[in-house]
**Student:** 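Below is the structure I would like to discuss, written out as structure tokens.
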Amino acid sequence: LFFFFFGLNSSFGDFLGECFMELDLGSKNKGQFFTPYQISKFMSSILGDNVKEKEFLSEPACGSSGMIIARAETLKEQGLNYQKIMRVEATDIDLLCFNMSYIHLTLLHINAKVIHGNSLSLEI
């Protein structure tokens, strides 16, 4: 249990997503291939730094929310309070991914609606 909380509190990152992939829990049939955190971080950094009062993000296949976490880290590095700026809607069809995303975003205090559903058929 200590390892789990240490991994989530030590720094930004997709701790649960990395564990998910390391334990080979993903399903190739479901198309579950998690983006490495460093790539998510790079993609977030090229969005620029012209953030206004609020930033709305929609992640239709969120996995464990690695992309959202990377954006939060980028905003923090810019001296911004990501907890006040970010508004997120994160959806995943896989229940385990939904739970990982919910845990990550809750522990980071990101204002998010996490949905267990299908972004294509809009079933929830």
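Predicted model, so just to flag it, every value in this text is computed and none were measured.
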**Student:** To the closest 0.5 Å, what do you measure between CG (L96) and CE (M100)?
**Tutor:**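 Interatomic distance, L96 CG to M100 CE, rounded to 0.5 Å: 4.5 Å.
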**Student:** Mind jotting down which residue pairs meet the salt bridge (Lys or Arg N to Asp or Glu O under 4.0 Å) criterion with at least one end in residues 95-108? Sequence neighbours excluded, please.
**Tutor:**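 Listed once each, the pairs would be none.
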**Student:** Taking salt bridge (Lys or Arg N to Asp or Glu O under 4.0 Å) as the cut-off, I'd like each qualifying pair that reaches into residues 98-108, sequence neighbours left out, listed once.
**Tutor:**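 Pairs touching residues 98-108 that pass the test: none.
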**Student:** Rounded to the nearest 0.5 Å, what separation is found between the CD1 atom of I85 and the CZ atom of F56?
**Tutor:**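 Going from the CD1 atom of I85 to the CZ atom of F56 covers 11.5 Å.
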**Student:** Taking all non-hydrogen atoms of both residues into account, name the closest pair between L108 and Q83 and its distance.
**Tutor:**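 Nearest pair, atom of L108 first, then Q83: O-NE2, 3.0 Å.
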**Student:** Just to verify, what does H116 make a side-chain contact (heavy atoms from CB on, under 4.5 Å) with, not counting sequence neighbours?
**Tutor:**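 So H116 forms a side-chain contact (heavy atoms from CB on, under 4.5 Å) with L95, F98.
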**Student:** Can you name the nearest heavy-atom pair linking S64 to I69, along with the distance?
**Tutor:**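 Between these two residues, the closest heavy atoms are O-CD1, 4.1 Å.
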**Student:** Kindly write out the residues that satisfy side-chain contact (heavy atoms from CB on, under 4.5 Å) with K76, not counting sequence neighbours, or none if the list is empty.
**Tutor:**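 Partners of K76 under the side-chain contact (heavy atoms from CB on, under 4.5 Å) test: F12, Y82.
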**Student:** Rounded to the nearest 0.5 Å, what's the gap from CD1 on I115 to CD1 on I93? Could you check?
**Tutor:**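 The CD1 atom of I115 sits 13.0 Å away from the CD1 atom of I93.
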**Student:** Considering all heavy atoms of both residues, which atom of S65 and which atom of A90 are nearest to each other, and what is their separation?
**Tutor:**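 Closest heavy-atom pair between S65 and A90: OG-CB, 4.4 Å.
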**Student:** So that I can tick it off, tell me whether K41 and E77 are bridged by a salt bridge, with the cut-off set at under 4.0 angstrom between side-chain N and carboxylate O.
**Tutor:**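 Result for this pair is yes, salt bridge flagged.
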**Student:** Does the side chain to side chain contact (heavy atoms under 4.5 Å, CB included) test come out yes or no for I68 and L105, once each step is laid out?
**Tutor:** CA-CA 8 Å; I68 298 166; L105 299 178; 3.6 Å; yes
**Student:** Should R71 and L57 be marked as a side chain to side chain contact (heavy atoms under 4.5 Å, CB included) after you check the CA-CA gap, both sets of side-chain angles, and the distance that decides it?
**Tutor:** CA-CA 10 Å; R71 185 60 182 161; L57 303 172; 4.1 Å; yes
**Student:** For residues 102-124, which residue pairs qualify under salt bridge (Lys or Arg N to Asp or Glu O under 4.0 Å), counting only residues two or more places apart or in two chains?
**Tutor:**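 Pairs touching residues 102-124 that pass the test: E89-K113.
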**Student:** Quick check for you: to the nearest 0.5 Å, what is the distance between E73 atom CD and Y37 atom OH?
**Tutor:**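 Answer for the CD-OH pair, E73 versus Y37, is 3.5 Å.
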**Student:** Which residues pass the side-chain contact (heavy atoms from CB on, under 4.5 Å) test with Q38, not counting sequence neighbours?
**Tutor:**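 Residues passing side-chain contact (heavy atoms from CB on, under 4.5 Å) with Q38: none at all.
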**Student:** Provide the closest heavy-atom pair for S44 versus T74 in the form atom of the first, atom of the second, distance.
**Tutor:**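 Of all heavy-atom pairs spanning S44 and T74, the closest is OG-OG1, 2.9 Å.
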**Student:** Do K84 and E53 meet the salt-bridge criterion of a basic N to acidic O distance under 4.0 Å?
**Tutor:**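 Not counted as a salt bridge, because no side-chain N and carboxylate O are separated by less than 4.0 Å.
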**Student:** Which atom names give the shortest non-hydrogen contact between E55 and L75, and what distance separates them?
**Tutor:**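 It is OE2-CD1, 4.0 Å.
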**Student:** For I110 and A72, work out which heavy atoms get closest and say how close.
**Tutor:**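 Smallest heavy-atom distance, with atoms named: CD1-CB, 3.9 Å.
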**Student:** Say whether, by atom type as modelled, one donor and one acceptor occur between the side chain of S101 and the main chain of C97 under 3.5 angstrom.
**Tutor:**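 Answer holds: no.
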